[in-house]
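A short worksheet on the structure shown next.
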Amino acid sequence: MFDSLSTRLQGVFDRLGSRGRLTEDNIQEALREVRVALLEADVNFKVVRGFIDRVKDRAVGQDVLRSLTPAQQVVKVVHAELIELLGGSGHRLAAAPHPPTVVMLIGLQGSGKTTSAAKLARWFARQGQHPILAAADVYRPAAIEQLRTLGKQVDVPVVGDASQRPVDICRQAREEAAARGLTPLILDTAGRLHIDEAMLDELRAIRAEVKPHHVLLVVDAMTGQDAVTVAEKFNAAVGIDAIVLTKMDGDARGGAALSVRQVTGRPIAFVGVGEKTDALEPFHPERVASRILGMGDVLSLVEKAQATVDQKQAEEMVRKLREDSFTLEDFRQQLRQVQQMGPLDQILGMLPFGNKLKPGMGDLDAEQSDLGRFDAIISSMTPQERNHPEVVNGSRRQRIARGSGTTVQDVNRLLKQYAQLRRMMKQLKGMEGRLPRLKLPGFPNLRG
Amino acid sequence: MKFLASFGERLRSGLSRSREFLATELASVLVPDRPIDDALYAELEDLLVAADLGAAVAADFVNRAREEVMFGTVTRADQLRPLFRRFLTEYLTPAAQSLELVHRPTVILMLGVNGSGKTTTSAKIAAAFKAEGRTVLLAAADTFRAAAIEQLETWGRRIDVEVIRQAAGSDPAAVVFDALKAALARAVDVLIIDTAGRLHTKTNLMTELAKLKRVIERQLPGAPHESLIVLDAPTGQNGFAQALQFHEAVGLTGVVLTKLDGTAKGGIVLRIVRELKLPIKAIGVGERVDDLQPFEPERFVDALVPRA
């Protein structure tokens, strides 16, 4: 859909050929590409304007012109500047000295307040706290039922009734939380337009009555230029302390994050990355910066790999590879680890240019089902066949295919991929002396 | 939807809030005696981007402006305003279409990402047709989101339209199957199917939609007659990716643009109209059930770029 900034800049600098000398004009051209990239990522145009000026100062000071890879150099400067603007990582919602700590969620309709409320409750519960939810959206049909259902899912009590006034719901919730020793109290308010004065009054009334310690503005990552107006108005009318960025599991670049951060000066505390209640992550500015620039999210991938790959198993795997005793059983374990990391399209999306690599959704799905199929095939083999794949002849292949509900072609494909992997590892072994230490996430380095 | 004409008043009040949007900025850029130079083009381009039109559309217009200036048809900066209005109107005029009930039952499939306003819009469309004297049925095919079924049922009670439903978590295809059976048996005029919100990047969920469509087609050849993507006005450039993916998955027949009563103008629809050739079949301008309007290009352009 979009070219990444590095590809675009590469084009700009390539056009200069080998003349070597870059001028002020060339830098201007490069910055224009930066500008378009940010605008396409939905960063507000006013924010972009100021940003470009800062990058220009910084880039010029850094001898971009003389660097061997000017495109990369500019991207690096832009990236660093973005991270700085997005603010420090992992803003924590500090506990109040006198519990309950009150967290209030506000935002436009459909931005994801109710879902985020439940996710936050689960997040706090996981940290050993005992949260309570208050459903104060009495306007949207079934909003309270929604929070009650979600509350049940995450095993957190929900208070609130459609017949009450929102201010009363919140006040009573606070009293109840204090009486039952529950904290934090999370208030889910009604979605409203930032220009709806009556509704803003209600938010102010709740704020005055319940005195929340943290007011969180919930912002949809797909929001465009208007994010600035929304954030400004909510901040002026109610006051916000931090931001929750939702729906980051799609392919939105999330430039709204930068806009909102810039106009409010408030940090982004959490990011919503899915519909399930566990899909909430602390905010990492470097990741969102990479994403805005289309650089992929290598860090998230590394983390995912580290979370799923067992270090000991990995070391064992490398030893086996080196000793050439890597069996189909080991191969299966590897496949399972890949599967545990999540759907392939998500993993690809985290890689730089990964979205371009996506060969079309159909193909990826085929890959994904291959993983499952291969697992089944190996399960249908005898221990001897798993440890000595060379014994698998024609009639064994037919038996295995029947046993695993696959075809002989599938079995052949598996064996071929397995053979390829072994061959590759042999070659790698041959090069070991010349290779620099390879550091792969979760894998001990190959030279050992 | 001729019935909507009478609601013009509300549209005006809904849109009037956003009137001031580009007005002051444009006026300060397009000063009559200001020289038309690169600085002016750059500022103009920024303004267009600020309306979520996207960098490509903005650059297109600026190129067109440069041409006109070169040919001498535009000589003063303030002449760029009518030029821009014409540019927008050219794209949007063919895109203005209404929801017509040609078939019986007409099956309308409501699609979109989470939180765009599908359920509310489903109810609004149902209410509009009911007010026209048509018989309407709603289908709660969002069986995934917590309390989505209850939300549609509450609307159903308010507007007195029956909602076909099953238990939460059941197969949406089964709900759709039941709903079509009911629609055919009772010979209703319209069946509106509210589906679960889904991000356009979730392959499995998009495949589920294709299946829903097949279930409908099998029971009633030629249906669904309308597959509408519900897009909210604050959506930025990602809106195009949404429309594209939904279009590829099920073949859209149009767009409903919601939440136009805020400060966002929904500029992204221009790119959708331009590149996907999709019509805009209605707009939402408020939370009330009668806050649904036909799309009128002229008013839309007025809201984006006031006459002066």
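Please read these numbers as outputs of a predicted model, since none were measured by experiment. Naming convention: chains lettered A, B, ... in sequence-line order (proteins, then strands); numbering from 1 in each chain.
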Quick one: what part of B/L231 sits under 4.5 Å from any heavy atom of chain A, side chain, backbone, both or neither? neither
Dump the intermediate steps for side-chain contact (heavy atoms from CB on, under 4.5 Å) on B/Q242 and A/M222, then the final yes or no. CA-CA 10 Å; B/Q242 292 171 24; A/M222 297 182 280; 3.0 Å; yes
Contact part of B/E153 toward chain A, heavy-atom cut-off under 4.5 Å: side chain, backbone, both or neither? neither
Highest number of heavy-atom pairs under 4.5 Å with chain B: which of A/S111, A/G112, A/P141? A/P141
Do B/P234 and A/D220 come close enough that some side-chain heavy atom pair is under 4.5 Å? no
Among the options B/L152, B/I149, B/T154, B/T258, pick out the one with the most heavy-atom pairs lying under 4.5 Å from chain A. B/T154
Could you state the interatomic distance from CG (B/D261) to CG (A/D196), rounded to the nearest 0.5 Å? 8.5 Å
Less than 4.5 Å to any heavy atom of chain B: does that hold for the side chain of A/Q109, its backbone, both, or neither? both
Determine which residues belonging to residues 142-153 of chain A lie within contact range of chain B, meaning some heavy atom pair is under 4.5 Å apart, and list them by number or answer 'none'. A/A142, A/E145, A/Q146, A/T149, A/L150
Test B/T120 against A/R140 for side-chain contact (heavy atoms from CB on, under 4.5 Å), laying out the working first. CA-CA 9 Å; B/T120 307; A/R140 180 164 63 94; 5.9 Å; no
Around atom CG of A/D155, are there more than 12 heavy atoms of other residues, nucleotides or ligands at under 6.0 Å? no
So do the side chains of A/L39 and B/Q237 get within less than 4.5 Å of each other, counting heavy atoms only? no
Residue selection (most heavy-atom pairs with chain A, distance under 4.5 Å) from B/D232, B/T119, B/D52: B/D52
Residue, of A/A227, A/A221, A/G110, that accumulates the most heavy atom pairs under 4.5 Å with chain B: A/G110
Salt-bridge test for A/D226 and B/K259: reply yes if a basic N is under 4.0 Å from a carboxylate O, no otherwise. no
Using only heavy-atom distances, determine whether the side chains of A/D42 and B/N238 contain a donor-acceptor pair under 3.5 Å. no
Which of the residues B/R198, B/R145, B/R158 is involved in the greatest number of heavy-atom pairs with chain A at under 4.5 angstrom? B/R145
Pair B/L205, A/E275 - check side-chain contact (heavy atoms from CB on, under 4.5 Å), show working. CA-CA 12 Å; B/L205 296 180; A/E275 292 186 73; 4.0 Å; yes
What part of A/T229 gets within 4.5 angstrom of chain B, counting heavy atoms only: side chain, backbone, both, or neither? side chain
To the nearest 0.5 Å, what is the distance between CZ (A/R32) and CD (B/E45)? 8.5 Å
Minimum heavy-atom separation for B/L199 to A/G250, with atom names? CD1-N, 3.4 Å
Electrostatic pair B/D46:A/K46 at N-O distance under 4.0 angstrom: no
Given that the side chain runs from C-beta out, which part of B/T235 has a heavy atom under 4.5 Å from chain A: side chain, backbone, both or neither? both
For the student: nearest non-hydrogen atoms of B/H200 and A/D251, plus distance: NE2-OD1, 2.7 Å
Given side chains that start at C-beta, do those of B/V113 and A/K247 come closer than 4.5 Å, heavy atoms only? no
Where do A/V36 and B/A55 come nearest, in terms of heavy atoms and distance? CG1-CB, 3.8 Å
Hey, mind stepping through A/L193 and B/E287 against side-chain contact (heavy atoms from CB on, under 4.5 Å) and telling me if it holds? CA-CA 10 Å; A/L193 284 171; B/E287 289 186 310; over 6 Å; no
